[in-house]
A.B. asks: 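Can you read through this structure? Questions will come right after.
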Amino acid sequence: MPGPVRNLTQLSRTLLRLPVEAQALATLVASGMVGAERPDRLFAMYQALDRYGAMGAASTVAAIRYGDRPAVVDELGTVTFAEMDRRSNALANALRARGVAEDSRVGILCRNHRGIYDASHAALKLGARVLFLNTDFSGPQAAEVSEREALDTIIYDEEFAETVAAVRARNGRYIAWTEGTSREGDPTLASMIAAGNPEPPAPPFGHGSVIILTSGTTGAPKGATTAQPRSLVAPAAILSRIPFRSREASFIASPAYHAWGLGTSVLMLALGSTIVLRRRFDPDQVLVALAEHRCSSLVLVPAMLNRLVSLGTDRIAAADLASLRIIASSGAQLDAALCRKTMDAFGDVLYNLYGSTEVAWATIATPDDLEAAPGTAGKAPLGTTVRIYDDAGTQVQIGTVGRIFVGSGMEFGGYTGGGSKETIDGLMSTGDVGHFDESGRLFIDGRADEMIVSGGENVYPAEVEDLLSSHESILEAAAIGVKDPDFGQRLRVFVVVRSGHTVDEGAVKDFVRANLARYKVPRDVVFVDKLPRNPSGKVLKRQLAEHQLDE
């Protein structure tokens, strides 16, 4: 494309985005994220952004704006925004002295506590690439991913010492959380922060980046490079549908190393809101913390929400939740039955965000959406385009199931091992199939690669799962396709029975038969104590596929 034509095209795109950017700015002002600042503070924030990039400068900008306000509250106490910034400075300088630099790849294996922020902010200030590891990894998995991603530094919680034992780390191994029995030779972040220089580290030659592993529910997890925010629309998209506000408090229960927990952590930093953390999810303790810290929001995944609701309406009603305005769920599909139970227990405070590691967000359902259509993924937020295409790449009509494609401006930069997601018309595939209703609300019908063809009929497991989860005696259910000599494939469901209830195979099949088409009735019903899930709450269907059933 000739230079003048290319420049004119870029100018046209910029002009077209101006109204959206203006709307985004208004949204940020309404949330309290953007406001009047003294010139000296604005200059200091600009310097930090120039030195470290948007993600690397997050703690510094927050410290400039919010100073001595509480930033993080965990089992060890409270850290202010100013302390958080100084801690990451000291750790960055200590790590640089040990060889961590712009070309380093730092692996972080931590639960939800201040250390995961200390480690990630410090590494990003050095211009390193940060890879968040899954706390459910076995030793061989951690070693394989670390080798594939060429990690040279590992920061881990002491409980994962055996998990990372085989990980090679030429720039050192460091303990983020210790139970007091640290392995000899592995320094703690606390000791390095105490001895480190809290002044801002010298700027790196290039800005750091974050790699998040995909969920790996159907195969090995892949490394996905997270995009840096390129406009005001990035934070405003979430705030346009979920009313987070500045200088409040949020309990982030979702794993902080996963896209949902990490994204909301960054958002709370920008808002100057206190982040309340606990290393392990305990529903009773969550209610206590929500009341104690007057949290206005709770960020979690559906599996956690299910455990919370299972406490019962009496226990929930007894908690002082007057400040709670938002329960924000993401990371896995939120079924209709859980929506209804949540709204019955907590009121109209539930929000459901649908997205993926690769496309960031796609749609967000508000309480009004979920009241009208429980289980919906909602509507596209500000600056986001969602379309549904058939296998030929043609956009489908309302009500027709097809493949979901998204354009949010925050699509990932490709897998670290090469490759990316399919794109059509500049929009990226989520890997899911779904449909829109007449009101423009999106519904997820399942994974594109999970659809089974049984006797010539298409069956999406999610529809059967959603139905079974509404049964009064079933706590949760998962469905997969297995080979069948007569029908090509058949449906197999795995059922977890609710405590104190009983249900047999015949009752499960009869329930499906009474509510769905005949070909959607499962041929096999397997009763299990629990479904295998990753920390973000997604069912690990590859493990279910390995489940042996006596034929």
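Keep in mind that the numbers below use all heavy atoms, side chains included, and drop hydrogens, waters and symmetry copies.
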A.B. asks: Where do Thr384 and Ala237 come nearest, in terms of heavy atoms and distance?
C.D. replies: OG1-CB, 4.5 Å
A.B. asks: I need the Asp368 CG to Ser439 OG distance, nearest 0.5 Å.
C.D. replies: 12.0 Å
A.B. asks: Does any N or O in the side chain of Ser120 come within less than 3.5 Å of the main-chain N or O of Ile116, such that one atom is a donor and the other an acceptor?
C.D. replies: yes
A.B. asks: State, yes or no, whether a side-chain contact exists between Cys110 and Tyr257 at a heavy-atom distance under 4.5 Å.
C.D. replies: no
A.B. asks: Name all residues meeting the side chain to side chain donor-acceptor pair (under 3.5 Å) criterion together with Asp466; count only those two or more places apart in sequence or in a different chain, and write none if there are none.
C.D. replies: none
A.B. asks: Taking the side chain as C-beta and beyond, is there a heavy-atom pair between Thr188 and Tyr174 under 4.5 Å?
C.D. replies: no
A.B. asks: Side chains of residues 65-72: which donor-acceptor pairs under 3.5 Å do they make with residues two or more places apart or in other chains?
C.D. replies:
from, atom 1, to, atom 2, distance (Å)
Arg65, NE, Glu37, OE2, 2.9
Arg65, NH1, Met33, O, 2.4
Arg65, NH2, Met33, O, 2.9
Tyr66, OH, Ala270, O, 2.8
Tyr66, OH, Leu271, O, 3.4
Arg69, NE, Gly272, O, 3.1
Arg69, NH2, Gly272, O, 3.4

A.B. asks: Look only at the side chain of Glu162 and the backbone of Gly139, and say whether a donor-acceptor pair between them is shorter than 3.5 Å.
C.D. replies: no
A.B. asks: Look at the side chain of Glu292 and the backbone N and O of Ala289, then say whether any donor-acceptor pair between them is shorter than 3.5 Å.
C.D. replies: no
A.B. asks: Should Arg294 and Asp320 be marked as a salt bridge (charged side-chain N to carboxylate O under 4.0 Å, His left out) after you check the CA-CA gap, both sets of side-chain angles, and the distance that decides it?
C.D. replies: CA-CA 9 Å; Arg294 315 303 298 170; Asp320 180 5; 2.7 Å; yes
A.B. asks: Just jot down the salt bridge (Lys or Arg N to Asp or Glu O under 4.0 Å) partners of Arg278, sequence neighbours excluded, or say none.
C.D. replies: none
A.B. asks: Considering only heavy atoms from C-beta outward, does the side chain of Thr363 approach that of Leu353 to under 4.5 Å?
C.D. replies: no
A.B. asks: State which residues pass side chain to side chain contact (heavy atoms under 4.5 Å, CB included) with Ala317; sequence neighbours excluded, sorted by chain then number.
C.D. replies: none
A.B. asks: Would a 4.5 Å heavy-atom cut-off, applied to side chains only, mark Val299 and Phe251 as touching?
C.D. replies: no
A.B. asks: Run the salt-bridge test on Arg241 and Asp369 with the 4.0 Å N-O cut-off and return the result as yes or no.
C.D. replies: yes
A.B. asks: Going by the rule side chain to side chain contact (heavy atoms under 4.5 Å, CB included), which residues pair with Ser297 if we only count those two or more places apart in sequence or in a different chain?
C.D. replies: Phe244, Ser250, Met268, Ile326
A.B. asks: Determine, step by step, whether Arg245 and Arg325 satisfy the side chain to side chain contact (heavy atoms under 4.5 Å, CB included) criterion, reporting the C-alpha distance in whole Å, the side-chain angles of both residues, the deciding distance to 0.1 Å, and the verdict.
C.D. replies: CA-CA 10 Å; Arg245 292 293 179 262; Arg325 299 185 295 105; 3.7 Å; yes
A.B. asks: Who pairs with Phe436 by ring pair (Phe, Tyr, Trp, His ring centres under 6.0 Å), at least two apart in sequence or on another chain?
C.D. replies: none
A.B. asks: Of the non-hydrogen atoms in Val386 and Ala380, which two are nearest, and what is the gap between them?
C.D. replies: CG2-CB, 3.9 Å
A.B. asks: Between the side chain of Ser88 and the main-chain N/O of Ala122, is any donor-acceptor distance below 3.5 Å?
C.D. replies: no
A.B. asks: Looking at residues at least two apart in the chain, or sitting in another chain, which of them share a salt bridge (Lys or Arg N to Asp or Glu O under 4.0 Å) with Arg340?
C.D. replies: none
A.B. asks: Just wondering, do Ile252 and Val276 contact through their side chains at under 4.5 Å, heavy atoms?
C.D. replies: no
A.B. asks: Flag the pair Phe494 / Val539 as yes when at least one side-chain heavy-atom distance between them is below 4.5 Å, and no otherwise.
C.D. replies: no
A.B. asks: Between Gln285 (side chain) and Asp282 (backbone), is there a donor-acceptor pair under 3.5 Å?
C.D. replies: no
A.B. asks: So, applying salt bridge (charged side-chain N to carboxylate O under 4.0 Å, His left out) with Glu465, which one of Lys541, Arg447, Arg492 is it?
C.D. replies: Lys541
A.B. asks: Report the C-alpha separation of Asp85 and Ser59 in whole Å, then their side-chain angles, then the decisive distance to 0.1 Å, and conclude whether the side-chain hydrogen bond (donor to acceptor under 3.5 Å, both in side chains) test is met.
C.D. replies: CA-CA 5 Å; Asp85 190 44; Ser59 66; 3.1 Å; yes
A.B. asks: Given side chains that start at C-beta, do those of Leu239 and Leu267 come closer than 4.5 Å, heavy atoms only?
C.D. replies: yes
A.B. asks: According to side chain to side chain contact (heavy atoms under 4.5 Å, CB included), who are the partners of Arg315, at least two apart in sequence or on a separate chain?
C.D. replies: Asp284, Leu287, Val288, Leu311, Ala319
A.B. asks: List the atom pairs, with distances to 0.1 Å, where a side-chain N or O of residues 401-410 and a protein N or O form a donor-acceptor pair under 3.5 Å, not counting sequence neighbours.
C.D. replies:
from, atom 1, to, atom 2, distance (Å)
Arg403, NH1, Glu422, OE1, 2.7
Arg403, NH1, Glu422, OE2, 3.4
Arg403, NH2, Asp390, O, 3.1
Ser408, OG, Val359, O, 3.0
Ser408, OG, Met410, N, 3.2

A.B. asks: Walk me through it: do Leu468 and Val512 pass the test side chain to side chain contact (heavy atoms under 4.5 Å, CB included)?
C.D. replies: CA-CA 7 Å; Leu468 289 176; Val512 177; 3.7 Å; yes
A.B. asks: On a heavy-atom basis, which atom in Leu213 and which in Thr357 lie closest, and how many Å separate them?
C.D. replies: O-OG1, 4.3 Å
A.B. asks: Is there a side chain to side chain contact (heavy atoms under 4.5 Å, CB included) between Leu131 and Ile108 once you walk through the steps?
C.D. replies: CA-CA 6 Å; Leu131 172 69; Ile108 299 176; over 6 Å; no
A.B. asks: Taking it one step at a time, do Glu358 and Tyr415 satisfy side-chain hydrogen bond (donor to acceptor under 3.5 Å, both in side chains)?
C.D. replies: CA-CA 9 Å; Glu358 292 87 350; Tyr415 297 115; 2.7 Å; yes
A.B. asks: Determine whether a donor-acceptor pair (N or O, by modelled atom type, separation under 3.5 Å) exists between the side chain of Arg129 and the backbone of Ser209.
C.D. replies: no
A.B. asks: Among residues at least two apart in sequence or on other chains, which ones pass side chain to side chain contact (heavy atoms under 4.5 Å, CB included) with Leu25?
C.D. replies: Val29, Val34, Leu232
A.B. asks: Do you know which two heavy atoms are closest between Ser473 and Thr502, and how far apart they sit?
C.D. replies: OG-O, 3.8 Å
A.B. asks: Take Ile155 and Leu189 through the test side chain to side chain contact (heavy atoms under 4.5 Å, CB included) and record every step on the way to the result.
C.D. replies: CA-CA 9 Å; Ile155 298 173; Leu189 298 193; 3.9 Å; yes
A.B. asks: With sequence neighbours excluded, give me every side-chain hydrogen bond (donor to acceptor under 3.5 Å, both in side chains) pair touching residues 107-117.
C.D. replies: Asp74-Arg114, Arg111-Glu159, His113-Asp157, Tyr117-Ser265
A.B. asks: Give a yes or no on whether a salt bridge exists between Arg533 and Glu476, defined as a side-chain N under 4.0 angstrom from a carboxylate O.
C.D. replies: yes
A.B. asks: Is any side-chain heavy atom of Cys295 closer than 4.5 Å to one of Thr274?
C.D. replies: no
A.B. asks: Pairing donors with acceptors under 3.5 angstrom, does anything connect the side chains of Thr430 and Tyr354?
C.D. replies: yes
A.B. asks: For Thr178 and Glu158, which I'm curious about, is there any donor-acceptor pair between the side chains at under 3.5 Å?
C.D. replies: yes
A.B. asks: Go through it in stages, so that I can follow the logic: the residues are Glu248 and Ser273, the test is side-chain hydrogen bond (donor to acceptor under 3.5 Å, both in side chains), and I'd like the CA-CA distance, side-chain angles, deciding distance and then a yes or no.
C.D. replies: CA-CA 5 Å; Glu248 295 188 336; Ser273 290; 5.7 Å; no
A.B. asks: Tabulate below the donor-acceptor pairs under 3.5 Å that side-chain atoms of residues 342-352 make, not counting sequence neighbours, or state none.
C.D. replies:
from, atom 1, to, atom 2, distance (Å)
Thr342, OG1, Leu338, O, 2.8
Asn352, ND2, Thr376, O, 3.1

